[in-house]
Structures are given as C-alpha cells and as structure tokens.
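Report on the following structure.
Atoms within each ligand, like the ligands themselves, are counted from 1 in listed order. Here, residue 1 is the first one in the sequence, and each next residue gets the next number.
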Amino acid sequence: MAENLNLFTSTQDVIQDALNKLGYDEGMFELLKEPLRMLEVRIPIKMDDGKVKVYTGYRAQHNDAVGPTKGGVRFHPEVSEDEMKALSMWMTLKCGIVDLPYGGAKGGIICDPRQMSMNEIEKLSRGYVRAISQFVGPTKDIPAPDVFTNSQIMAWMMDEYSRMDEFNSPGFITGKPIVLGGSQGRERATAQGVTICVEEAAKKRGIEMKGARIVIQGFGNAGSFLAKFMSDAGAKVIGISDAYGALHDPEGLDIDYLLDRRDSFGTVTTLFENTISNQELLELDCDILVPAAIENQITAENAHKIKASIVVEAANGPTTSEATKILTDRGILLVPDVLASAGGVTVSYFEWVQNNQGYYWTEEEVNEKLYKKMITAFDNVYTVATTRNINMRLAAYMVGVRKTAEAARFRGWV
Ligand code: NAD
C-alpha cells in the first residue's frame, strides 16, 4: 500500500489515537477532526505591469474552546485547503503543549513571493487582511509569520487592520518589527525552542553538546538561527541545506560565514560548487538531525538509512507516520514538530500579552520565560512517552489535545 503523505489525514489519525488513549469517546474526535471554520477568499491585485491577478487565500480556525485562535500566514505556491486544516490542528496541539490560552489557526495565500515585487507583496498582504477582517481580530484570531512571510509583511497587515478598525491595534498580529510592538526575541524564538529540545534530547541520550555532530535541513529563519545556536554551544554543524542543495564538511561548517552570505529566502548553497543533495544530507553520519525546511522529508523510503540517534523536527510535518514508526523501532529518539517548534508561538503569545498590557519586556525576560515553557513542555511529553511506552509524537498529541478537549467538555460542546 502506498505511504500516506497527506498531512491532514495522518494528523487526524494521531489525534484519534491520542483521544482514545485519553479515554474520550467518538464525539470528541468528531469535534476535533476538522477546523470549526474555514474561510476561502479571492484577492484581486493590480500587478506592476498593470494586469490584474486574482489570488486565492485561506484562514482555518481549528478550535476556539480555550480562547482566541492563533497561527501564521504563509505565502507559498503549494498552499492548499488540506494543508491549512492540518496546520491549524497542529497549532491547537502546540498551544496545548506549551500551555497557552489559545486554540489553533492557520492562513495562507497561493502565490510565489519570490517572483513578486515588494509593491505587489504589500498589496497582496493588505488585500488579504481586508478579505479576512470580519473573521479575525485581537480577541478572535491572531495571525503571525510563517513560510515566506516576515516582520515587514506583519507590519503592513497590522497597519491595514488598524486603518479599518480606526484604532492602533498591535495585538491584531504578532511577529511585528520591534518599533511597532514586536517582542524582543521573537525572530529567534523558534530556533531557541528547538535548541532547548535538542539539548534536552541529547541529555536523555548521553550526548555531549560540545563536539556533537549536527545536520540541519533548511537555512531559513528556523534552520539558520539554530545552526548559529548549535555552533555557539560548541557543537559541530557538519551539514546544512536549502531548496537548491546541501553543504557538508565533517570538520564542521563556518556558520557565521554562511549566515553572512545567505539571502532573505534562506538560500546559500548556490554560491558553492561541491554541493550534495538534500536526500544525501538527511542520510549523513551524525548524532543529531534537524529537518527545518518542509514536510514529508523522512519517509518509509529513507527512514532505514537515517544514521542520527536523535531527530528533532523543527519543520512542520517532516516525518511521515510510517517513518515515525521505523525510526521508533530503530531506537531513534524523535522529538516531534508540535513540541520542538512551539517556541515561535510561545513568544508570539508573549508579544500579544505585551501589546495588551502596553508594557514591554527585555530580551532576557523573554528568553527566561520561553526557557521555562519549553523545558516544562519537553518534560511533560517525555514523561508521558516513557511512562506509557509510546513514541514522543503520540505523547505530544496527548498532552496537546487534552486542554482543548477539556475546555470543550466544560463548555458543554461535547
Ligand atoms: P523559511 O522560509 O525562512 O526557510 C525555509 C528554508 O527551507 C530555506 O532555507 C529554503 O531554501 C529551504 N527549503 C525550501 N524548500 C526546500 C526543499 N524542497 N528542500 C530543502 N530545503 C528547502 O522558513 P522557516 O520559517 O525557517 O520555516 C521552516 C520550517 O519550520 C517550516 O516547516 C515551518 O512551518 C516551520 N516553523 C517555522 C516557525 C518560525 O517561526 N519560523 C515556527 C514553527 C515552525
């Protein structure tokens, strides 16, 4: 039988397993197996050449039993309705795992910002906010950056919403520039959270960070900051990649040099001749492998060939269900995406809290609070996994879904 690469249905399967293990009946799964709301919009943009192009965008709100929904907006040619649904469900799980007062959401536009001018991207960002404005808001649903969106795009979106609302509304969106109410530490937060998970997983496996051999797939926001944190901690980053290829040096790559040379889309390998493929990168001999690029990278095809003893998922959905089983059977410790990449939404939450109170924290305060959240989350998930003898993905889903399930039960929805 062909492997299930559909993120939405494979997410539903694990949610069902988690709810069964927690003792909920079928009614709870019926509630949580799909987003409560799914909006599709069409956004007309007058392009620089004077022609009109109409883009399709989405906003999925998985569940708001706990509180307002929260989740990023991605600009990517492969955005689809199913992807939005799966990503909104993962946001519910992430918020539950790090114990935030939110449910999950996700948005996206089918477009390729790499082929668009800044002027066109600004019009599209503003058009998207106008199209979804009835559906979102600081106490309803709070967007954030995701793949191929950044703090500049968040600033345009916040400005558009504030103009419509006739109030300055920094709490409408997170991931903003600092001068517009962004939080210290937000840009690096996902990588900080992944770093904490890498360090905790290494302790569990008796691996010293100093000298540990790390391979990172993806050199964008998550992957590049992570590479920096790892090399600062004394680890040897022996492989990195982007969409065009990968670099490998068993003695450790010069991360500061690569950071200096990468472009704003996380591309750097095109500057080098001796590259290897992304597939070869994943199979390199190393201690810790961190997929930090895109989904479905570790599959039934290559899971047998992974040589790392720890895999920490910084990307969303890089490992299929079958590959998860193969890695677990081989004794590889897999720290799942919904836990490992929860640092971003955690500091987004801190940003929203600071916006609401109008009082701003130092980077040290943010990092300290993030550290506490991530360590507690890692310990909770690891304890459930070891006491129940299940893999960390199922354990993370159990920890993550419980808060929303309980909130829905208290509200009398199920
Ligand atoms: P990004 O756009 O900044 O960087 C993506 C990187 O992946 C780039 O280096 C790009 O070249 C590379 N890439 C793209 N297609 C690829 C392919 N086919 N093969 C190999 N590499 C490829 O994105 P990001 O923000 O770093 O996000 C990376 C992953 O982490 C995504 O799955 C995202 O959902 C997840 N994530 C990010 C955040 C965050 O705050 N940035 C938070 C949670 C999860």
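By the criterion of a heavy-atom distance under 4.0 Å, both the backbone and the side chain of Asp242 are placed next to ligand 1. Of the heavy atoms in Pro145, none comes closer than 4.0 Å to ligand 1. Contacts of Lys94 with ligand 1, taken as heavy-atom pairs under 4.0 Å, involve the side chain alone.
Of the candidates Ala243, Ser224, Gly72, Ala243 brings a heavy atom nearest to atom 14 (C) of ligand 1. Checking Ile294, Asn316, Val347 against atom 44 (C) of ligand 1, the nearest heavy atom belongs to Asn316.
Among Gln16, Arg402, Glu406, the single residue meeting the side-chain hydrogen bond (donor to acceptor under 3.5 Å, both in side chains) criterion with Tyr24 is Glu406. Exactly one residue among Val198, Ile207, Asp287 makes a side-chain contact (heavy atoms from CB on, under 4.5 Å) with Ile310. That residue is Ile207.
The main-chain N or O of Met91 is never found under 3.5 Å from a side-chain atom of Lys70 such that the two would form a donor-acceptor pair.
Contact check for Asn356 versus Trp352: side-chain heavy atoms found under the 4.5 Å cut-off.
Considering backbone and side-chain N/O of Arg74, one or more are found under 3.5 Å from N/O of ligand 1. By the 3.5 Å distance cut-off applied to N or O atoms, Asn221 is counted among the residues near ligand 1. Residue Gln217 places no N or O, backbone or side chain, under 3.5 Å from any N or O of ligand 1. The distance criterion of under 3.5 Å between nitrogen or oxygen atoms is not met by Val147 with respect to ligand 1. For ligand 1, the polar-atom distance check finds no N/O of Gly344 at less than 3.5 Å from any of the ligand's N/O atoms.
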